[in-house]
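All values reported here derive from a predicted model rather than from experimental measurement. Every chain is numbered from 1 and lettered A, B, ... according to where its sequence line falls, protein lines coming before strand lines.
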Amino acid sequence: MIAANPSIQLVRAQWLNLLRTPAYTLPTLLFPVMFYVFFGLMMLRGQALWLLCTFATFGVMGAALFSFGVSVATERAQGWLLLLRASPAPVGAVIAGKAFGALLFAIIIVVMMSALAAAFGDVRLETAQWFGLAGILSLGAIPFCLMGLALGLWLSPNAAPAVLNLVYLPLGFLSGLWIPSTVFPGWLQSVAEWLPPYHLAALALDIAGARSADWGHSLTVLGLFGLVFAVMTALGWRRLSGVS
Amino acid sequence: MKSLIGISLVLLGAIATLLLLPGPLEGHRGVTAIEGVRVFDGERVIEDATVLIAEGRITGVGADLSVPDGAETIDGEGRTLLPGLIDAHVHAYGSARTDALRMGVTTLLDMFRSPADQPMVIRQRQSLDPTNQADLFSAGFLATAEGGHGTQYGLPVPIPESPETADEWVAQRLDEGSDYIKIIIEDGSGWGRTLPTLDAAMVEALVEAAHERGVLAVAHVSTQPAAKMAVRSGVDGLVHLFADAPVDDAFIAMARDSGVWIVPTTPVLAASHGQSVPDWLTGGEHAETRISQQQRTMLSQSFPGSQMRSARWPLVLENVRRLHEAGVTLLAGSDAGNPGTAHGPSLHHELALLVEAGLTPVEALRAATTLPARAFGLEGRGCLQPGCRADLVLVDGNPLEDIRQSVRIDAVWKNGARTERRDEAGDAS
Ligand SMILES: [Zn+2]
């Protein structure tokens, strides 16, 4: 109970933070959703289910990367991460608070897109599939949270947004989240298969019944990817005291 | 405390939304009886019959069937009930499958599309659950030469390199879920162009590989020499009729001996030979309720240079007539997905053009039901007999007398469930 307390405090702080900064919260939530409405429901009609899975992956990835990356870099500059480090709040609690924010975003994005896909894209799924989709995509945000965290710890607050955008947009495109990677030329397709968002989308597509996935393989790729950034996070955290 | 309530509300809202999201379509799953209706069962006509459907299949067809209590009854007087139609040449993308279904086309045989979602496509067509989409079979990627016909659409196509690797190429397609192998033989000469194309050795190797692996091999051709090469190579069917020359006796003899079938695809030939789509197809009540604005736009388009070829158009119908009279099997197909065509209406266009060329309406309807089902081994499709899928089209009129009445669609059932018109589906486009 005592150990959980700081986490709850930070979850609460994170929640208030989101409410107080609509200029950040609303675009992060609405941008991918509008993107899906425009491409998935209006431009490319008839692909609503496929694009629901890939654009939701895109949205979730964005929420995870930005809620961690940019804010961590900024907070680091403000010095309060360092303060936290000195305070009794365990590292886990800080991460939990932020992870909570990213997961909340992920859930809201997936649910909004699902509702739009059902209302305007004729997408029909079993209740278990709707929950499965929201579940895998919010859990699948975790490796991207770690990536955002690591980048936030290593990048300067000025560079963070630019670098994240430079990573986010091409990563989404190359993973076939905008246009299915199956229409890519062969060499580009093999690039996609190395990228983690491709594998998260593959799991979502499997749950939705659009294409079966190799779960073992995709989970391994996502796991390794998460592990790399977990290590980078740990190193970045250790570096903090020395540099800032 | 306030924030915890806020968080809980958001999460509860998300859960409630997910619970409320719609599940797979559910239709009337009891017994439906269509009474006093004229039935075309895929082969012949039965007047004043009763048709029973239950659990997604047809359970009875006959003149004096007893209707079980509690069945939903539909008055079929003055109407004709047809098996769901099969379009033997389409390119299914976008809203193709819902568009086709609204016009009574319940099975599509695709001749080139990305196989990405093929596992889902296969699962869907095996199911008897109610759906708003026509079932789909597909060639997946086509076999063509580097830079040849089929590579111009921006979809990367794996190229079969040599006859030695033909079997590997075919195996890859079957791994992707292709239902048959489509081979392009197109040197462009029929269209005043020059295109790289596969040679006879390559075509033969592909056909042999397909047959060894137990699937059909079909060919795209647009000239008589290419058609002859395809038939000599052993293909099972030609998915276009050529219009470069009158069908000659040598071809007729080859076609008869080999048993090859041909999909005339007259709607796409019309659009490439200066013909516009007839008014009866795009006007009337069915057009209001079953054809979208986007489809109408597609139907009004034509191929570049189409007008210059209009003098060749009579040859198309003449070739259809000659092949039909010679006893060559014709399968109805539209090549929808191309300019001047639309999924659904264009198959009705093909039926009308086949009749114009000399088929009887019954023969034309067989070409869109029994014959493609037999050629492609589609079980329970294209037939209206007990045990067949309850894919049905109720037509207000008698297309067996006037084939153009096939568009006057009262209702379409897919897997035994009545499907929605555009206005019912809330589609305003
Ligand atoms: Zn075609």
Sub-4.5 Å heavy-atom contacts with chain B: which residues of residues 190-200 of chain A show up?
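No residue falls under the 4.5 Å cut-off.
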So, do Leu4(B) and Trp15(A) sit near enough that their side-chain heavy atoms are less than 4.5 Å apart?
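Answer no - side chains too far apart.
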Taking only residues two or more places apart in sequence or in another chain, which ones pass ring-ring contact (aromatic ring centres under 6.0 Å, His included) with Tyr153(B)?
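Tyr153(B) satisfies ring-ring contact (aromatic ring centres under 6.0 Å, His included) with no other residue.
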Heavy-atom contact with chain B under 4.5 Å, split by part of [X]:
X         : result
Leu133(A) : neither
Val123(A) : backbone
Ala134(A) : side chain

Can you tell me how far [atom2] of [Y] sits from [atom1] of [X], rounded to the nearest 0.5 angstrom?
X         : Y         : atom1 : atom2 : value
Leu11(B)  : Leu104(A) : CG    : CG    : 6.0 Å
Leu205(A) : Met120(B) : CG    : CE    : 9.0 Å
Ile108(A) : Thr17(B)  : CD1   : OG1   : 10.5 Å
Glu420(B) : Asp122(A) : CD    : CG    : 8.0 Å
Arg124(A) : Leu21(B)  : CZ    : CG    : 9.5 Å

Checking Trp130(A) side chain against Pro22(B) main chain: does a donor-acceptor pair fall under 3.5 Å?
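The answer is yes, because a donor-acceptor pair under 3.5 Å joins these two groups.
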Leu20(B) portion near chain A, given a 4.5 angstrom heavy-atom threshold
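Neither part.
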